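I have placed the structure first, in the form of structure tokens, so that the comments after it can refer back to it.
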Amino acid sequence: MHVDYWQEIREDRLGRIGLYLILLLALLAALAPFLAPYPPEARVGAAFSPPSSRHWLGTNDVGQDIWSGLLYGARTSLVVGCGAGLLAGTISVLVGTSSALVGGFYDSLCMRVVDALLVIPPVLLAILVGAYFKPHLLTLILLLAAFLWPGGARIIRAEALSLKEKKSVAAARTFGAGSLYIMARHIVPDLGPVWLAVMIQDARRAIFMEAGLSFLGVCDPTLHSWGKMMQQALEFTYLEVWKWWLLPPGLALSLTVAALSFLSFALERILNPRLRGEREDAGH
Amino acid sequence: MLVIKELQVSFGELIVLKGINLELKKGEILAVVGESGAGKTTLGLSIMGLSPGRCAGQILFKGKDILALSEEERRLIRGKEIAMVFQNVEDALHPLYPVVDQVMEALLIHGLKDKKAAQRKAMDLLKALGLSEERTHFFPHQLSGGEKQRVLLAMALANDPEVLILDEPTASLDAITRAEIIELLKKVIREKMVLLITHDLSVAAKLAHRVAVLYGGRVVESGATQCIFTFPRHPYTRGLLRSYPNMTTVKDLQGIPGPPYKPVDGCPFHPRCTQRVELCFREVPELKSLGDRYLACHRGGIIPLLEIKALSKSFNGVRAVREVELTLYEGETLALVGESGSGKTTLALTIMGLLPPDKGEIWLEGQKVLLRDKGFYQRVQMIFQNPKSSLSHRMNVWELVKEPLDVQGWGSEEEKLERVRKVLEEVELPADDFFLRKYPHELSGGEAQRVAIARALVLNPKLLIADEATSALDASIQAKILKLLLSLQEKRGLAMLFITHDIALARKVSDRLAVMKNGSIVEEGPASEVITNPKHPYTRTLLSLAADLKEEISILPVDAQRPK
């Protein structure tokens, strides 16, 4: 029963690529202040300068360094992704396990709320809410998490329902354990991998949605974001600059989302024993 | 009629008999049973007026108090109206006289003057008791044990006494001689008042109409023999029966916990009793009438620990448990036997509160279970079918065995460690740090089983529900684990609901047996009774198909075949 998830992810080709990409992005984002040659908002050169040794990716319409903007944009994307993923994942676990364990009316109520939230197109609503609030980083995370948790809650509930039937849980009940104890000691530890998968999924969607919202200009305009960069670049597609202004944030966004998708794929393969069996080195 | 009232006998400080009230009616045999040291022989000697101790109270015989009589008056009664057959045949006969002379002596002492007539009478008596004529002139050392016993009986019967006291009349006799003596006794002691002192329950069962169980110098239970032996209500009586090897009961022998009687305050049996309460330490229980018997126990005898009343449970219209009524007494094993799908596990899970019942009630220690709180689970524990799956793969042995204590919020970590080590030792597992750090997948089947049992026992429950607890194990390991459970039952008074499909196994571990079929209890009774005399065809089927070592293949009886 003991599966070393890291080991498994590293052995999976897609998983390995995803993992290394994410690590690379995280490293770049973390070291942005050291790696970026200029502060992202400073006007450091002539407008629309092409890539050169001073400005690797040139400058934009007001003379800001695009490479620096790209690095700082990675920070936003990752913070929003991790934050919203973590928050949404946690809400999913709390709602999913509690409704699985408590059952009855509470369970029905939770699941109906989840259904109701799932039918709302999140991007549309996010645009509406965003347009009103012009959300800053923290509020953006909260907003995204609020839209993301219902999907995860269903998955977690289904998993918790099957975990709850384990004999070890029944045994704990016969020691007099309450639902809180069982949740903390027996259900949540076994949910770990599923939780991780849900969180990665949520993070991927959060990053995508954040970029989308920024692209549409409904976010706090001071946020350094790939989406915002693309929005601004889009106005100047008749010039040559789109090659180094529009493409790099688009590629970076695609890479990030792809890396997270790869990780999800790998995790799903590991968690689903039927898919596991297809691996060449099955039996390990 | 001989009436003993509030008899107390003491040797110095030591009180050997206390508050004895007994009645002997004409034509009735009363057996006094108990372990050695219980005061049985002292009781017999007191009635004879031969007890060396100080006697108080009254022994009324024909309206006279024997204890108040002078020694002279007592001698007239002794041997003539009240006679005793002494224990230990070797010492009771004089080695230098032929046995017929010794019987004659008894006659001469009590008035018969003619020596010739006395000798003839003695000879007749010995012959009537089965001694051949030439052997009546033998010396005691020339006779066998059984023959000596007959001589002693002849001496006691010589003057045709009204009261006969038999002290261990069959001790140290082989089975065949014993059977002969019992047969003989049955014949010769009619129309007398007989006090039969014995530790041999079989003799008591065969001869006595009533039986009084003596412990620590007190009568703890008395009543009609069959009633007492079939349904003992005092824990001591049950202990005696459980430790007595015989062909009627089928359960493995079990002793009574603790050392033999030492003088204590309160109920004499409380140091060895598994259902004692605080009151038992302080007050001596009175011998009270319970209708069919007299019983001295503060708790009213062996208490019904678990009562299941009209319990029903169905799944999607399928009635898994139908109107089940069961009572489980303290310290006993009730085996629930039936094929798979008969509703045994559903019943267990419903008792544990893991499934809600549709109907019916569950009572624990005389109180209806309304809510299963920590207190309930402290008293009732369960070992699950296939126990390995009940162990979380994320916890090591230490965490697993500690888990019930964690849940119950019991003690500090050090106390928990001590308790865990103790219970691991009890289930014969290593209690060292290395073992405590092992995870379930590193344990063998037998070890995992023991860990599961340790988890169930660590809270010191009164009731253990064992659901096919050993069915996945090798017979050799199963045997060890069952021995372990039985020894815990003996030590702690653990009551067990033992769920199994194996009637051969149930026979070895259970006091009572309930057979379940399609959710109903079709037969219930003492295990021996159900095994030897099954009433329901389904029980007969189970028995005929139970494991044996015979060559023939058991065939399903026609009336029990499943509809095709």
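Sequence lines set the chain letters: A, B, ... in the order given, protein chains first and strands last, and positions in each chain run from 1. Not measured: the values here are computed from a predicted model.
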Min side-chain heavy-atom separation A/R173-B/M382 under 4.5 Å: no
Any B/V407 side-chain heavy atom under 4.5 Å of A/R185 side chain: no
Give a yes or no on this: more than 12 heavy atoms of other residues, nucleotides or ligands lie within 6.0 Å of atom [atom1] of [X].
X: B/E415; atom1: CD; value: yes
X: B/E413; atom1: CD; value: yes
X: A/F265; atom1: CZ; value: no

Contact origin within B/V458 toward chain A - heavy atom pairs under 4.5 Å: neither
B/L354 versus chain A, the contacting section by heavy-atom distance below 4.5 Å: side chain
Interatomic spacing from CZ in B/R394 to OG in A/S168 - rounded to 0.5 Å: 10.5 Å
Pairwise distance OG1(A/T174) to CG(B/L349) - rounded to 0.5 angstrom: 10.0 Å
Backbone of B/K388 reached by a side-chain donor or acceptor of A/K167 within 3.5 Å: no
Shortest non-hydrogen contact between B/Y377 and A/F175, atoms and distance: CB-C, 3.7 Å
For B/S390 against A/A171, the heavy-atom pair lying closest together: O-CB, 3.9 Å
Residue, of B/Q378, B/K374, B/Q381, B/R372, that accumulates the most heavy atom pairs under 4.5 Å with chain A: B/Q381
